[in-house]
Every structure is written in structure tokens, then in C-alpha cells.
Q: 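Structure in C-alpha cells, see below.
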Amino acid sequence: MDATSARPAPQGATAGWAVWSRDFALFFTARAVARLGDTMLPVALAAGLLQHGYGAGAVGLAMAATAAAFAGLVVFGGVLADRFSTRRLMIGADLVRLGTQALAAALFFSGHVVLWQICAIGFVNGVAGAVFQPGVASTVPRLSSDVQGANGAIRVAESAAQLAGPAVAGLLVGFASPGGVFAAHATTYALSALCLLLLRLPPPAQGSRAVSGRGSRAFRADLVQGWREFRARRWLWSVIAVWCVYMIAVWGPTVPLVAAEVVQEHGARAYGLVNSALGAGTVVGGLLALRLRPRRMLRAGAIALVGFAAFPASVGAGLDVPVMAAGAAVAGAGMSFWGVMWATSVQTQVPPDVLNRIHAYDVAGSLAMMPVGQALAGPAASALGADHVLLVAGATSFAVCAALLLIPAVRGLVRVDTGTAPRAGTVTATAPPGPARTAAAAEPSRTREH
């Protein structure tokens, strides 16, 4: 990457030469294929467990096992990412998940499916995801000079995968078996690991791996430092606090109950169609995030997030499949736009030496209540009816967006486009002049990370 590529992308420009390079393309591909597999998994779990006599509660528990392990351990993954090679950690995590999904495929092919075994496999997948995820945040600004453009491009790729994944999974379930979906999912992790193996990361910015030393005491010190940096940013922890409610009352029950309701009422292919519509919406949201550069990113994202209510509400109201698909598309667009605004805010407002740890606290806080919502989905559906639970989820989605907009630190946060990353312990709330580029991304060296 030469010096001219350090200039920021023009306002309103789509991701172009400021984003793309050989290494970003490899990372882009790794994220896309992994997402393809992940969006196939809910179809496989819902159809496979229902086929073996389990209900919506079992689907929720299987999903909750992965989410609980991920949310509980990702903060430790953030410390590991600040201490070791993020690329190697991500490759290792992909290889672990390759093995677990191959095992799940074997269980479903054999017809010997026991719920606790599926939950155990999901738990190991969650541990691997906790090791993988923190490195994603610091990898994006090291590979691209346009952080929002890179996040938007990745979001579009992941959304396109979400568009294709459920439909492919529905076909595999309909014409083969759920075991085939798990086998395909394992293959996506193999491809992701290969792309990351070929990836060459520029060296991290000087001081970006400023850890306290070796041993358990130093590990705890790094963990505490990450928490202090997280707590120092009101806009950050305020969003996470609101998001806990969102996970319990909206996202947690929506995923398993929508899967179970649509599969039971309309079949696996219909669920694949609805989930593909969700993916189509997220493509649109990602493209909008590539195009629009709002000065107050979180305020714009919260307004867009209002659209997510259409997804659970349309299913809960028992509308026809085309209407549910339209609601899913609107929901996907809103969620995708919010996701890019949020990820870019974290990556540009937080200094690189604590970014992995703060991102880990961000992810842990965002998802901490999701397994609670998923685990309660079955009992709540039994007591109130799945349709009523989904209608409540739609109404709560509106309330969450209103809460975000009522927090001054959130709605007033101004975007940062700067070539100088903020130092640890500082909070940047204005947009100083300069290219949208971190010191790590500006490094011209193409040596392989060790």
C-alpha cells in the first residue's frame, strides 16, 4: 500500500481502492464463508432436533449453550488477543470448529442425536468463538485505511452469505438430511482457516500490545485495565446496558421461536426463504452504510434499528410467508446499518493498545443476556404462546431504540476520522482533521505477523 492510499475515502463514496487489497480480500472471504456456514446452522438445528422429537425449548437450549460459552469467555479471549498473534488464534479457533461440526454431522448422519451432546458441541464452538472474535476488531483497521468502508464491505459479504445460507440449508434438509448441513458448515470453517493462513498482517502499531507481563497476576491486570478503559467511555457501556434488555426480550427469543414457528407451520424451506429475506435486508443495510457517512453515527444507527421490530412482530401476528419475509428484510436492513455504525465507532474511538480487550467487553456485554433470552424462549412460549412472546419482542424493540436515543452520550457521539489513534485512557468525542487511518494500517511493511 503506497502513501497515496492513506487519503480518506470521499464523503458518500463506496468502498473502493481505499479498502481493497490482497490481504483485505482474504479476510473478506474468510468472514463471508464463515458467515455462510453460521446462517445455515439455525435451519439445521431446528429441523434436526424437531425431526428427532425435540421442541422449541431444545432448539433454544442448543443455541444458548454456544452463546453462554461465548459471552462468558470472550473477555479472556480479548486479553489473549492483546498478548499473542490474533491471526494464529483465529486459525486455531476455526480448526476447532471444523472438528466439532464434523462430529455433529456424524451424529446426525448416524441418527444418534442426544440433546446434551449437541449442547456440548455448541459449548465448545462458543469457546472457540470467544478466542476468535476479539481479533476481528483490531484486524479491520490494520488492513484498510477506510474503517467504515471496510466494515460496510464485510457486512455486505456476510449479508450475502446470510441470503444464500438458509436457502441452501433448507434444500439440504429437504433433499438430504440435517447432517449434510453440519458437514457443509464444517467445510466453511476449513476455508476460513485457509484464507487466514494465507493472510499477511502488517505489524501492530507500536505499543498496541502493551501487556503487563507474564503470569496469572499480569493476566488479571490486563483484564482489569480493559475493564477500566471500557467503563471510562459512557457511550460504550450505556449501549451495552440497553443491549442486555434487547438480548433478553428481543433477540434471544426471536431467533429460536421464529425458527420453530416457521418450520412447524410452513416447513424448513419457508424458514429458509424468510431467513434469506433477512439476509437480503442486511445486504441493503450494508450498502447504505457504505454510502452514508453520518456525523453522529450511533444516532443514525439507532434510528435505523427501529426496523428490526418488523421481524418478530410479523411472525407473531401469524402473517403469510411473503409478509414475514418483507418484515425480515426491513429488520435486516436496520440491524445491518446499526452494526456498521457501532463497529466503526468502537474501532475508531478506542486506542489500538486496548481495542481487543474493549471489543471483548463490548461483545460479552452485548451477548451476556442472549442465552438467558434463548433459554427462556421455550418456557415463555409454553406459558404465553410463541406468537405473544414474539409480539412483545417487537414492541420491546421500539422501546430499546427510544432508550438509545434518549442517552446524550450515545446520540451526541461525533464520528472520528483521524490518522492518529487516541491513547489509552482518553475518550475522543470530536472529529479532528486527518485521514481515516490508524497507525497500524499506515504501516507499509508487508511482513507476516508472528
Side-chain angles (χ1 to χ4, degrees), residues 8-21 24-40 133 136-137 139-141 143-168 188 192 195 239 251 255 274-311 325-348 359 362-363 366 397 401 415 417 436:
Q11 288 288 335
T14 58
W17 51 266
V19 171
W20 292 99
S21 67
F24 179 75
L26 284 169
F27 186 70
F28 175 91
T29 304
R31 300 306 303 140
V33 296
R35 184 60 177 165
L36 177 67
D38 291 343
T39 56
M40 295 165 66
Q133 183 61 38
V136 173
T139 298
V140 171
L143 291 175
S144 177
S145 60
D146 178 4
V147 178
Q148 183 181 334
N151 284 319
I154 291 172
R155 178 70 60 167
V156 169
E158 292 177 341
S159 301
Q162 183 165 338
L163 177 62
V168 172
T188 63
S192 174
C195 289
V239 171
W251 187 260
V255 175
V274 171
N275 226 1
S276 293
L278 183 69
T282 56
V283 170
V284 173
L287 291 173
L288 288 174
L290 279 169
R291 184 74 182 173
L292 303 177
R293 305 292 174 119
R295 185 166 182 264
R296 289 180 171 82
M297 302 176 73
L298 296 185
R299 181 165 65 183
I303 293 171
L305 190 60
V306 171
F308 187 82
F311 187 32
V330 173
M335 179 64 78
S336 180
F337 190 83
W338 161 264
V340 174
M341 296 300 104
W342 174 251
T344 304
S345 296
V346 173
Q347 290 164 356
T348 55
H359 177 62
D362 157 26
V363 173
S366 298
S397 185
C401 296
R415 70 179 298 125
D417 291 306

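These figures come from a predicted structure and were not determined experimentally. Keep in mind that the numbers below use all heavy atoms, side chains included, and drop hydrogens, waters and symmetry copies.
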Q: Using modelled atom types and a 3.5 Å cut-off, is there a donor and acceptor pairing between side-chain atoms of Thr344 and backbone atoms of Val340?
A: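 Yes, the answer is positive, given that a donor and an acceptor are paired below the 3.5 Å cut-off.
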Q: Does the side chain of Val136 come within less than 4.5 Å of Gln133's, by heavy atoms?
A: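 Of all side-chain heavy-atom pairs linking Val136 with Gln133, at least one is under 4.5 Å.
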Q: Does the Thr39 side chain pair with the main chain of Leu36, one donor and one acceptor, at a distance under 3.5 Å?
A: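 Yes, Thr39 side chain to Leu36 backbone: donor-acceptor pair under 3.5 Å.
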Q: Between Gln148 and Met341, does the side chain to side chain contact (heavy atoms under 4.5 Å, CB included) criterion hold? Intermediate values first, please.
A: CA-CA 8 Å; Gln148 183 181 334; Met341 296 300 104; 3.5 Å; yes
Q: Can you name the closest pair of heavy atoms from Ala160 and Val283 and give their distance?
A: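 Here Ala160 and Val283 meet closest at N-CG2, 3.4 Å.
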Q: With heavy-atom distances below 4.5 Å as the criterion, would you say the side chains of Leu287 and Leu290 are in contact?
A: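 They are in contact (side-chain heavy atoms under 4.5 Å apart), so the answer is yes.
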Q: Quick one: does Glu158's side chain get under 4.5 Å of Phe28's, heavy atoms only?
A: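 They are not in contact (no side-chain heavy atoms under 4.5 Å apart), so the answer is no.
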Q: If I take atom CG from residue Leu298 and atom CD1 from residue Ile303, how far apart are they, to the nearest 0.5 angstrom?
A: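 Result: 11.5 Å between the selected atoms.
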Q: Can you give me the closest heavy-atom contact between Ala325 and Ala277, atom names plus distance?
A: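 Closest pair (atom of Ala325, atom of Ala277, distance): O-CB, 3.1 Å.
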Q: Would you check if Leu305 and Phe337 make a side-chain contact, meaning some heavy-atom pair closer than 4.5 Å?
A: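 Leu305 vs Phe337: side chains apart.
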Q: Which heavy atom of Trp338 sits nearest to which heavy atom of Ala302, and what is that distance?
A: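 Reported closest heavy-atom pair: CE3-N, 3.5 Å.
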Q: When you measure from the side chain of Arg31 to the backbone of Ala157, do you find a donor-acceptor pair of N or O atoms at a distance under 3.5 Å?
A: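 Between the backbone of Ala157 and the side chain of Arg31 there is no qualifying donor-acceptor contact (under 3.5 Å).
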Q: Distance from Phe24 atom CZ to Ile154 atom CD1, nearest 0.5 Å?
A: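 These two atoms lie 4.0 Å from each other.
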Q: Do Val330 and Phe311 come close enough that some side-chain heavy atom pair is under 4.5 Å?
A: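 They are not in contact (no side-chain heavy atoms under 4.5 Å apart), so the answer is no.
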Q: Please answer whether the main-chain N or O of Gly332 pairs with a side-chain N or O of Thr282 as donor and acceptor at a distance below 3.5 Å.
A: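 Not a single qualifying donor-acceptor pair exists.
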Q: Could you pull out the closest heavy-atom pair between Gly286 and Arg155, with the gap in Å?
A: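 So the minimum-distance heavy-atom pair works out to CA-CG, 4.0 Å.
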Q: Which heavy-atom pair separates Arg415 from Pro294 by the least distance, and what is that distance?
A: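 Residues Arg415 and Pro294, closest heavy atoms: NH1-O, 3.1 Å.
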Q: Roughly how far apart are Phe27 CZ and Ser192 OG, rounded to 0.5 Å?
A: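 Here the interatomic distance stands at 8.5 Å.
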Q: Using the rule given for side chain to side chain contact (heavy atoms under 4.5 Å, CB included), can you reason through Met40 versus Val168, listing the C-alpha separation, both sets of side-chain angles and the distance that settles it, and then say yes or no?
A: CA-CA 7 Å; Met40 295 165 66; Val168 172; 4.2 Å; yes
Q: Of all the heavy-atom pairs spanning Cys401 and Val306, show the shortest one and how long it is.
A: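 In this case the closest contact between Cys401 and Val306 is SG-N, 3.4 Å.
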